[in-house]
2 protein chains.
Amino acid sequence: MEATAKHFRKRDAILTCLRSTKVHPSADWIYEKLKAEYSDISLATVYRNLARFKERGEIVSLGTVNGIERFDGNTKPHVHFICTDCSGVLDLHGVAVPEELSKTVSGAGQVSSCQLTFTGKCNQCINKEETA
Amino acid sequence: MEATAKHFRKRDAILTCLRSTKVHPSADWIYEKLKAEYSDISLATVYRNLARFKERGEIVSLGTVNGIERFDGNTKPHVHFICTDCSGVLDLHGVAVPEELSKTVSGAGQVSSCQLTFTGKCNQCINKEETA
DNA sequence: CTCCTAAATGCGAATGATTATCATTTACAA
DNA sequence: TTGTAAATGATAATCATTCGCATTTAGGAG
């Protein structure tokens, strides 16, 4: 009797994969990554489990970047930077949504979450362009 | 010689439609709305012109809600509330992204825009549920 | 006025991410 | 063993969005 039942190997692998990367990946990115270890994994399984994790609040969706949904295994609220050039997503540590803000919103309804995202060109893409 | 050339009537109508509603509509919503006045308008024209406006910075995209892209004719930065029940989008006046925040982000790259969105259940949906 | 070109449009097909379907496999307990 | 419910793989279906192309339009040059 294993701690990790074979039945959930892939499910666990999906969550672990998402949690151990900083790229804020898409479903397909996770799928491609896991194919190395699980050659028979199905893309549908990745989508299904991501939806399940999301429902349960175990992961978070960042919304779509270029029409593709991106996920984050870190559910602690934090700020993101999305690069319009490379579609990369970065965590912005040291930036936080002011606590007061969230409280001011009560006029509209019950707030369950909040997302602050900056968009622009990341340093890596800026450098790449200068070099070119 | 008319001020509004016939050639651009539909284009103008799309922009006007978007600017004169508070619902932060989808392309299809605008299409359905404009069909009343322009029975022969094509959904592709709505998409094409929205893309054009977006490129030129004349409108703004809020990203997707339930897989459908939503637009805002108000390009002045402001905060949104998205209802998970009815998929409605509200402007949150009186809430603003602190100026300092945007400046702190320079470590990641050149910021061109920023978006703050609260998610939850709007008052209307809360009331609806209580009544039911 | 006529001819020409570039832009705008309508229509319908194509695309592509996501979801649904369904048969099969798995875990686990009676 | 056997039954049941969940998980999965493969693939078809869905549906918002985009593309291709023929047609229409505006507006200028001749």
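This is a predicted model, so every value here is computed, not measured. The chains referred to below are lettered A, B, ... by the order of the sequence lines, with proteins before strands, and numbering in each begins at 1. When reading the values below, keep in mind they use all heavy atoms of this one structure, side chains included, and skip hydrogens, waters and symmetry mates.
Comparing B:Ile41 and A:Thr64 along DNA chain C, the residue whose closest nucleotide (by nearest heavy atom) sits nearer the 5' end is B:Ile41.
Proximity of A:Ser42 to the phosphate of D:dT8: no side-chain N or O atom is located under 4.0 Å from OP1 or OP2. Of the side-chain N and O atoms in A:Asn66, none sit less than 4.0 angstrom from OP1 or OP2 of C:dG16. Note on A:Tyr47: every side-chain N or O is 4.0 Å or more away from OP1 and OP2 of C:dT19. Distances shorter than 4.0 Å separate none of the side-chain N or O atoms of A:Arg48 from OP1 or OP2 on D:dT8. Taking 4.0 angstrom as the limit, B:Arg52 places a side-chain polar atom (N or O) nearer than this to OP1 or OP2 of C:dA8.
For the pair A:Asp91/A:His80, a side-chain contact is recorded, criterion being any heavy-atom separation below 4.5 Å from C-beta on.
In summary, A:Arg19 and A:Glu58 do not engage in a salt bridge, as defined by a charged side-chain N under 4.0 Å from a carboxylate O. Ionic pairing of A:Lys54 and A:Glu69 is present here: one or more N-O contacts between side-chain nitrogen and carboxylate oxygen are shorter than 4.0 angstrom.
At whole-Å resolution of the value, OH in B:Tyr31 and P in D:dT18 are 16 Å apart. A straight line from CD1 of A:Ile14 to C1' of D:dT8 spans 10 Å, rounded to a whole angstrom.
Exactly one residue among B:Val46, B:Asp72, B:Leu50 makes a side chain to side chain contact (heavy atoms under 4.5 Å, CB included) with B:Leu18. That residue is B:Leu50.
Side-chain proximity of B:Phe8 to C:dG12, D:dT17, C:dA8: nearest is C:dA8. Picking from C:dG12, D:dT8, C:dA17 the nucleotide with the shortest atom distance to the side chain of A:Lys10 gives D:dT8. Here the side chain of A:Ile68 is nearest to one of C:dG10, D:dA7, C:dT18, namely C:dT18.
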